[in-house]
Amino acid sequence: QVQLVESGGGLVQAGGSLRLSCAASGRTFSNYAMGWFRQAPGKEREFVAGIRRSDSNTYYAESVKGRFTISRDNAKNTVYLQMNSLKPEDTAVYYCAAGLDYSGRILYDYWGQGTQVTVSS
């Protein structure tokens, strides 16, 4: 089992920044790929950003490329999502997830409880 706890959400004006953190406990953090997802009211959960076990392998949804940065600190068992140039359409509950990499396909088995991000116009 992996337990995930997100923090860092809040209310910010458009153009502002927030940094989300996700602290993991349980099994060996460095064995897992990590991802951030979000779900806005009335919409399905969508992928935002992912990072494999190595820091050098990151990937993003087109809607956040160039504005969001995912990173991880395996010594602290934590993954981060730096969000810059925030837009009202970024408003959502943000979830952290952990999964194993099966030959390039990541199956996210563990999820945090979510943290609310609200961007005002």
**Q** Please name all residues satisfying side-chain contact (heavy atoms from CB on, under 4.5 Å) with V12, sequence neighbours left out, ordered by chain then number.
**A**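 Result, side-chain contact (heavy atoms from CB on, under 4.5 Å) vs V12: L18, L86, V119.
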**Q** Taking the side chain as C-beta and beyond, is there a heavy-atom pair between R67 and D90 under 4.5 Å?
**A**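 When only atoms from C-beta onward are counted, D90 and R67 do touch, with a gap below 4.5 Å.
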**Q** Quick check on side chain to side chain contact (heavy atoms under 4.5 Å, CB included): which of T69, V48, L81 does V64 satisfy it with?
**A**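 Single side chain to side chain contact (heavy atoms under 4.5 Å, CB included) partner of V64 among T69, V48, L81: V48.
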**Q** Would you name the heavy atoms of Y102 and L100 that are closest together and state the gap between them?
**A**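 In this case the closest contact between Y102 and L100 is CD1-O, 3.5 Å.
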**Q** Please enumerate all residues that pass side-chain contact (heavy atoms from CB on, under 4.5 Å) together with K43, with sequence neighbours excluded.
**A**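 For K43 the side-chain contact (heavy atoms from CB on, under 4.5 Å) partners, ignoring immediate neighbours, are A40.
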**Q** With sequence neighbours left out, what residues match S121 under side-chain contact (heavy atoms from CB on, under 4.5 Å)?
**A**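 Result, side-chain contact (heavy atoms from CB on, under 4.5 Å) vs S121: P88.
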**Q** Side-chain heavy atoms under 4.5 angstrom apart, residues restricted to Ile, Leu, Val, Met, Phe, Trp, Tyr: same cluster for Y80 and F68?
**A**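 The answer is no; the residues belong to distinct hydrophobic clusters.
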**Q** Linking Ile, Leu, Val, Met, Phe, Trp and Tyr through side-chain heavy atoms less than 4.5 Å apart, which residues share a cluster with F37?
**A**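 F47, Y59, V93, Y95, I106, Y108, W111, which link up through side-chain heavy atoms under 4.5 Å apart, make up the rest of the cluster.
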**Q** With sequence neighbours excluded, tell me which residues meet side-chain hydrogen bond (donor to acceptor under 3.5 Å, both in side chains) with E89.
**A**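 By the side-chain hydrogen bond (donor to acceptor under 3.5 Å, both in side chains) rule, E89 matches no residue at all.
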**Q** May I ask you to establish whether R72 and F29 are in a cation-pi arrangement, using a distance under 6.0 Å from NZ or CZ to the six-membered ring centre and at most 45° from the ring axis?
**A**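 Ring-cation test returns yes.
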**Q** Tell me every residue that passes side-chain contact (heavy atoms from CB on, under 4.5 Å) with S120, counting only those two or more places apart in sequence or in another chain.
**A**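 With neighbours one apart ignored, the set is L11, Q13.
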**Q** Could you walk me through whether D101 and R52 satisfy the salt bridge (Lys or Arg N to Asp or Glu O under 4.0 Å) test, starting with their C-alpha distance in whole Å, then the side-chain angles of each, then the deciding distance to 0.1 Å, before giving a yes or no?
**A** CA-CA 8 Å; D101 190 337; R52 297 195 188 265; 2.5 Å; yes
